[in-house]
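Notes for the one structure printed next.
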Amino acid sequence: PYASPERAAIPASLRDEAGYWTGFTVLPMVIIVNARLVPADSAPRRWSDLVAPAFSGSVAFADPARSGSSYTILRTMIVANSAVVANSAVGSGEEGAWRMIEGFVGAIGGSPLEESSLVYRGVASGEYLAGLTYENAGAESQRLGSDVRVVYPADGTSAVPDGVALIRGAPHGEAARRFIDFVLGYDVARVVTARFKRRSARSDAPVPEGLPPLESIPLVDYDVDAAVSLRAATIGRFARLTGSR
């Protein structure tokens with residue numbers, strides 16, 4: 001564990017209590033659509049809207065076995081839809097949410113893409129009507145002049161931090177600690193928000209230009225520990241649905 005002096009600027013929800021890791025940036029997961037091809041009134045507003053016939057085979061999604069962001073999105077959809085279908089005729093809890101995931105497999109044409117970059121590139125080029133990715137990929141596509149529109153699902157998304165940590169037995173431990181201080185500092189926070197449209201984990205950092213405040217985005221209760229413990233089972237079940245296992 002290492003408690004950087006910069007740690008005080010980072011909310012408790014975005015760092016490990018014991019100091020084993022500290023949040024660096026925050027990554028809301030979003031739906032992106034090609035605004036040229038999808039009118040605003042036809043754009044998906046919820047994760048479940050992606051299973052509509054209009055999007056069949058036209059949604060870009062990277063393989064969650066290869067892409068960390070795609071795995072987070074898959075778990076986010078399951079968590080969001082678990083709440084929606086609870087005690088409904090569809091099913092209860094997570095098992096009911098998998099009914100939606102089965103429909104989602106049709107939306108992606110039966111199989112996922114090999115890497116995350118193919119998602120936002122494919123939507124920007126018009127190869128796909130919509131895609132699932134992390135927020136700053138969509139924001140960066142907009143900055144570069146593409147016709148990508150970012151949608152924050154009304155049924156809730158996740159905003160999981162990525163973090164920085166000191167490796168046990170690091171041969172240059174003191175240099176590593178100073179580097180962590182640098183990475184978590186305010187100057188770097190300004191660079192990642194201004195240049196990369198990525199949200200800093202620091203509470204005193206500016207919101208990237210053009211993006212809404214994090215508190216205005218509907219968020220699900222995303223359990224990171226559960227996502228870790230259920231990873232193999234979740235990826236295995238999704239792979240069976242797509243015929244890749």
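Note that the structure is a prediction, hence the values are computed from the model and not measured. Reckoned from all heavy atoms, side chains included, excluding hydrogens, waters and symmetry mates.
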Problem set entry | Qualifying residues under side chain to side chain contact (heavy atoms under 4.5 Å, CB included), relative to E115, sequence neighbours excluded |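 Checked E115 against side chain to side chain contact (heavy atoms under 4.5 Å, CB included); matches are S117, L118.
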Using 0.5 Å steps for rounding, measure from the [atom1] atom of [X] to the [atom2] atom of [Y].
X    : Y    : atom1 : atom2 : value
S67  : E114 : OG    : CD    : 12.5 Å
T193 : N136 : OG1   : CG    : 11.5 Å
N34  : S58  : CG    : OG    : 11.0 Å
R7   : I180 : CZ    : CD1   : 11.0 Å
T242 : I101 : OG1   : CD1   : 12.0 Å
S4   : D181 : OG    : CG    : 3.5 Å

What are the two closest heavy atoms between [X] and [Y], and how far apart are they?
X    : Y    : value
P39  : L37  : CD-O, 3.7 Å
S200 : V26  : O-CG2, 4.2 Å
S48  : N81  : CB-OD1, 3.9 Å
F61  : L132 : CD1-CB, 3.9 Å
A176 : L166 : CB-CD1, 3.4 Å
D162 : R198 : OD2-NH2, 2.7 Å

Looking at side-chain heavy atoms only, is the closest gap between [X] and [Y] below 4.5 Å?
X    : Y    : result
V151 : V30  : no
F55  : Y128 : no
T157 : W47  : yes
F238 : L74  : yes
F196 : V191 : yes
L27  : M29  : yes
D63  : Y71  : no

Exercise. Under 3.5 Å, is there a donor-acceptor pair between the R199 and T25 side chains?
Worked result: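 No, T25 and R199 have no side-chain donor paired with an acceptor closer than 3.5 Å.
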Short question: side chain of [X], backbone of [Y] - any donor-acceptor pair under 3.5 Å?
X    : Y    : result
S82  : I78  : yes
R202 : L184 : yes
S56  : A52  : no
R66  : A62  : no

Exercise. For D41, which residues count as a side chain to side chain donor-acceptor pair (under 3.5 Å) partner, sequence neighbours excluded?
Worked result: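 Counting only residues at least two positions away or on another chain, D41 forms no side chain to side chain donor-acceptor pair (under 3.5 Å).
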Exercise. Residues in side chain to side chain donor-acceptor pair (under 3.5 Å) with S158, at least two apart?
Worked result: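 For S158 the side chain to side chain donor-acceptor pair (under 3.5 Å) partners, ignoring immediate neighbours, are T76.
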Problem set entry | Residues T22, Y2; criterion side-chain contact (heavy atoms from CB on, under 4.5 Å); working and verdict | CA-CA 9 Å; T22 307; Y2 172 57; over 6 Å; no
Exercise. Quick check: are there more than 12 heavy atoms from other residues, nucleotides or ligands sitting under 6.0 Å from CG of D221?
Worked result: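 Atom CG in D221 is not crowded, with 12 or fewer foreign heavy atoms closer than 6.0 Å.
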For this session: Say whether F179 and W21 are linked into one hydrophobic cluster, either directly or through other cluster members, by side-chain heavy-atom distances under 4.5 angstrom.
Result: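 Different hydrophobic clusters.
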Exercise. Do NZ/NE/NH1/NH2 and the carboxylate oxygens of D147 and R36 come within less than 4.0 Å?
Worked result: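 R36 and D147: salt-bridged.
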Exercise. Does the distance from a Lys or Arg side-chain N to an Asp or Glu carboxylate O, for K197 and E135, drop under 4.0 Å?
Worked result: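 Not counted as a salt bridge, because no side-chain N and carboxylate O are separated by less than 4.0 Å.
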Problem set entry | Pairs flagged by salt bridge (Lys or Arg N to Asp or Glu O under 4.0 Å) wherever residues 67-81 is involved - sequence neighbours left out |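 Salt bridge (Lys or Arg N to Asp or Glu O under 4.0 Å) check on residues 67-81 returns R75-E94.
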Pair up each side-chain donor or acceptor in residues 207-218 with any protein partner under 3.5 Å, not counting sequence neighbours, and list the distances.
| from | atom 1 | to | atom 2 | distance (Å) |
| --- | --- | --- | --- | --- |
| S216 | OG | P213 | O | 2.7 |

Donor-acceptor pairs under 3.5 Å, side chain of residues 8-20 to any protein atom, not counting sequence neighbours: which ones?
| from | atom 1 | to | atom 2 | distance (Å) |
| --- | --- | --- | --- | --- |
| R15 | NE | I10 | O | 2.8 |
| D16 | OD2 | A18 | N | 3.2 |
| D16 | OD2 | G19 | N | 3.1 |
| D16 | OD2 | Y20 | N | 2.9 |

For this session: I would like to know whether D187 and F182 meet side-chain contact (heavy atoms from CB on, under 4.5 Å); could you show each step before the answer?
Result: CA-CA 8 Å; D187 287 345; F182 165 72; 6.0 Å; no
For this session: Quick one: do V33 and V123 satisfy side-chain contact (heavy atoms from CB on, under 4.5 Å)? Show the steps, please.
Result: CA-CA 6 Å; V33 297; V123 175; 5.5 Å; no
